[in-house]
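Inspection log for the structure reproduced underneath, given as structure tokens.
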Amino acid sequence: MDMDMDTEKDDAVLVRPALAAEADALAGIDPGRRTSIETWCRRGVAYVARDAASGTPLGYCVLEYTFFEQGFVTLLMVAPEARRRGVGHRLLEAAAAMCTTPKLFTSTNISNQPMQRLLQRAGWTPAGLLHGLDEGDPELFYLQKGRGLR
């Protein structure tokens, strides 16, 4: 099944559901989460962004429905060499396109300024703040604008 999320903006990046066989390649981008990546790929909740020409994995995201039964981008990771090229934006667009609930949330630490800038550029809005997950670094939750209006 081909679910490429090409746009006129950047057709050099293809986003589609990750296959279980791609877990090793994604773990190469994010080695500290190898076991989780294997689980996410096997469960079909991971999406991979690949370079259209070379097929090289550029990043991945995870879309789950465990946050009050709403869509939640649990994780978004872009390979360091692929950052600032629109890969994260494309992954967020894919998650929004695939989300089956009226609301789509994500979160990031207050200290993660690059992710906050990406979310703002992608049209997400702050939705709340949670203290206590990471000591001294609160978690800022975001809601994709417009999704809650369906």
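Residues take their numbers from the sequence shown, with the count starting at 1.
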Any sub-3.5 Å donor-acceptor pair from [X]'s side-chain atoms to [Y]'s backbone N or O?
| X | Y | result |
| --- | --- | --- |
| Arg90 | Ala49 | no |
| Tyr65 | Thr100 | yes |
| Asp137 | Ser111 | yes |
| Thr101 | Gly71 | yes |
| Asp51 | Ser54 | yes |

Can you check whether [X] reaches [Y] side chain to side chain, under 4.5 Å on heavy atoms?
| X | Y | result |
| --- | --- | --- |
| Tyr60 | Ile37 | yes |
| Leu118 | Met115 | yes |
| Pro57 | Ile29 | yes |
| Leu58 | Arg50 | no |
| Val73 | Tyr142 | no |
| Leu26 | Cys41 | yes |
| Thr106 | Thr74 | no |
| Trp40 | Leu75 | yes |

Heavy-atom pair with the smallest gap, counting every atom of [X] and [Y]:
| X | Y | value |
| --- | --- | --- |
| Leu129 | Pro138 | CD1-CB, 3.6 Å |
| Phe72 | Ser107 | CZ-OG, 3.7 Å |
| Leu91 | Cys61 | O-SG, 3.8 Å |

Rounded to the nearest 0.5 Å, what separates atom [atom1] in [X] from atom [atom2] in [Y]?
| X | Y | atom1 | atom2 | answer |
| --- | --- | --- | --- | --- |
| Leu140 | Thr108 | CG | OG1 | 7.5 Å |
| Gln116 | Arg121 | CD | CZ | 11.5 Å |
| Met98 | Leu104 | CE | CG | 12.5 Å |

Can you get from [X] to [Y] by hopping between Ile, Leu, Val, Met, Phe, Trp and Tyr side chains that sit under 4.5 Å apart?
| X | Y | result |
| --- | --- | --- |
| Val78 | Tyr47 | yes |
| Leu143 | Leu130 | yes |
| Ile110 | Leu76 | yes |

When you look at Trp124 and Leu92, which way does the side chain to side chain contact (heavy atoms under 4.5 Å, CB included) test go after all the steps? CA-CA 10 Å; Trp124 294 61; Leu92 289 173; 3.9 Å; yes
Taking CD in Glu69 as the centre, count heavy atoms belonging to other residues, nucleotides or ligands within less than 6.0 Å. Is the count above 12? no
Apply the test salt bridge (Lys or Arg N to Asp or Glu O under 4.0 Å) to residues Glu22 and Arg16: give CA-CA distance (whole Å), side-chain angles for both, the deciding distance (0.1 Å), then the verdict. CA-CA 12 Å; Glu22 293 177 293; Arg16 61 167 174 70; 2.5 Å; yes
Please check if the distance between the ring centroids of Phe141 and Phe67 is under 6.0 Å. yes
Residue pairs, two or more places apart or on separate chains, that pass salt bridge (charged side-chain N to carboxylate O under 4.0 Å, His left out) and touch residues 27-48: Asp24-Arg34, Asp30-Arg33, Arg43-Glu64
